[in-house]
There are 2 protein chains.
Amino acid sequence: MASSTVENYLKHVYLIGQTSDQDLVAMGQLATAMEVTPGTATSMIKALSDAELVRYEPRAGVALTPQGEKLALHVLRRHRLVELFLVNVLGLSWTEVHAEAEELEHAISDKVLERIDTYLDHPSVDPHGDPIPPATGVMDTPTLASLADCPLTQPTRIARVLDQDPGFLKFVDRSGLTPGRGVVVQHRDPAADAVTITPDSQPPVTLGTHAASKILVESE
Amino acid sequence: MASSTVENYLKHVYLIGQTSDQDLVAMGQLATAMEVTPGTATSMIKALSDAELVRYEPRAGVALTPQGEKLALHVLRRHRLVELFLVNVLGLSWTEVHAEAEELEHAISDKVLERIDTYLDHPSVDPHGDPIPPATGVMDTPTLASLADCPLTQPTRIARVLDQDPGFLKFVDRSGLTPGRGVVVQHRDPAADAVTITPDSQPPVTLGTHAASKILVESE
DNA sequence: ATTCTGATTTTGATTGGCCAAAATAAAAAG
DNA sequence: CTTTTTATTTTGGCCAATCAAAATCAGAAT
Ligand SMILES: [Mn+2]
Ligand SMILES: [Mn+2]
Ligand SMILES: [Mn+2]
Ligand SMILES: [Mn+2]
């Protein structure tokens, strides 16, 4: 049985690997994500390497083995199904469920997980628009444009928000930029590093390019 | 923050204390319940004593302080609400939920807990008939007779089953002796150490006195 | 080619939980 | 009263996960 710690390491290797073009995750990034010192990450990764869950290249970085990836995706499935369940069934806010799921993802049995999946009618995305890895088969992660780079003045739909910080999510929520909402990107001002968006039936909002790049859209 | 281990120790001290007339729980019983060696229990209890969660009398036993009892009841509340939720909402069998709740009881936040409580409309007992400690105030644990000692030939109702073993619970389930069901105790045979019961609209069952004593009833 | 710098690894130490087995104390038996 | 039994505590050690700080390495800069 993998401990919560092991599950968290594998999940973070997977998540960092997704948002980076390199095929190896640097130890520094991993240590930062796990909120441990670099030495701690190194020794843990060595242990995971002995357990065949990761491939470790000293001074270069780390990648998941097929076995490690399977486990990471299973944790991610639990995390995201739990988030959706907390929002849709128990009525928690999508801005807060991440922290809850961070604990519950390690405590849910396969049986309970599949009941939740059935109860929710086999959903494909969580409250943040993150795709839910299926029990079997591969997860499709469509490549999406963001508010920082999608076409201007076209009606589009918010598909995914790439940040779990409750402060940021509350701002997104207040501004009407939640997943599923229709929006139009009005214009961009490179000098001011700003993007102005009009969400359907809400006042326009201006946000910085960095924030805009964390909000992904799909074309209508 | 109390670790899962600490929470489990406190819960077991509480539970053993409930089913015993002595006011101190013996280290041996606790070690057995926690499935650790006696020495491990001793050193853990010393630590809990330093943390003011228990009162420890060397060579005599251990009891919860008010603070420790509060924490134990909070864990028990989580455990029992989770069990009921798993049965009533996700449709798991009452014979299996104990093991699930044993993990989840440590991973549920106060916020989620109170949502579950609201969703279930503030229930007072779990699927086994065990009382659910309220968020505030005292839990009432009515003194109940068992199938081994209640009056004969009187219509009564199964109120509580004092064993979490899935094998035993499945037998109870098959026999129609689940909490809420009406039954009549037909007769007892001290020589055979046996009790014969007729559950409403089910064939009669005969069980040993020890098993009968774990099934509690309330008068109609 | 040499030096510097930043990332990484190593080393030595700590903490929480655990076990095995020896030591001890209390209770039961004689 | 002693002796024996049984419960409990102590001792010494292990493993997972962590940190602080020293050592090392690789690439960048000179
Ligand atoms: Mn986690
Ligand atoms: Mn999410
Ligand atoms: Mn538990
Ligand atoms: Mn129960």
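Fair warning: this is a prediction, and the values are worked out from it, not measured in the lab. Each chain gets a letter, A, B and so on, in the order its sequence line appears, and its residues count up from 1.
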For a quick test of reading the model: is some side-chain N or O of A:Y56 closer than 4.0 Å to OP1 or OP2 of C:dT9?
yes
Is the phosphate of D:dC19, meaning OP1 or OP2, less than 4.0 Å from a side-chain N or O of A:T40?
yes
Which residues within residues 4-28 of chain A lie with some heavy atom under 4.0 Å of an atom in DNA chain D?
A:T5, A:Y9
Please give, in whole Å, the distance from C:dG16 P to B:D50 CG?
11 Å
Take the protein atom CE of B:M1 and the nucleotide atom P of C:dG16, then report the distance between them rounded to whole Å.
15 Å
Between the side chains of A:D173 and A:T178, is a donor N or O closer than 3.5 angstrom to an acceptor N or O?
no
Interatomic distance where NE2 belongs to A:H106 and C1' belongs to D:dA17 [whole Å]:
15 Å
Ignoring hydrogens and angles, state whether a donor on the side chain of B:S213 or B:S146 is under 3.5 Å from an acceptor on the partner side chain.
no
Protein-nucleotide distance (B:M34, atom CE; C:dC19, atom C1'), rounded to Å
15 Å
Against the side chain of B:M44, the closest entry in C:dT8, D:dT8, C:dG17 is C:dG17
Testing the 3.5 Å rule here: is there a donor-acceptor pair between the side chains of A:D126 and A:H79?
no
Tell me, yes or no, whether the heavy-atom count around B:E35 atom CD, taken from other residues, nucleotides or ligands under 6.0 Å, exceeds 12.
no
Check the distance between D:dT18's P and A:I45's CD1 and give it to me in whole angstrom.
11 Å
With heavy atoms under 4.0 Å as the rule, sort A:S43 into base, sugar-phosphate or nothing.
base
Rounded interatomic separation in angstrom, taking CG from A:L30 and P from D:dA17
14 Å
Considering only C:dC18, C:dT9, D:dT8, which nucleotide approaches the side chain of B:V36 most closely?
C:dC18
Output yes when at least one side-chain N/O atom of A:T37 is less than 4.0 Å from OP1 or OP2 of D:dA20, else no.
no
Test item: side-chain donor near acceptor, A:E52 and A:T65, under 3.5 Å
no
Heavy-atom count check: over 12 atoms from other residues, nucleotides or ligands less than 6.0 Å from B:K214 NZ?
yes
Hey, are the side chains of B:K11 and B:E105 touching, using non-hydrogen atoms and a 4.5 Å cut-off?
yes
Tell me whether the OP1 or OP2 atom of C:dG17 has a side-chain N or O from B:S3 closer than 4.0 Å.
yes
Ranking D:dT10, C:dT10, C:dC18 by distance to the side chain of B:K46, first place goes to D:dT10
Separation of D:dG27 atom P from A:R59 atom CZ, nearest Å, is 11 Å
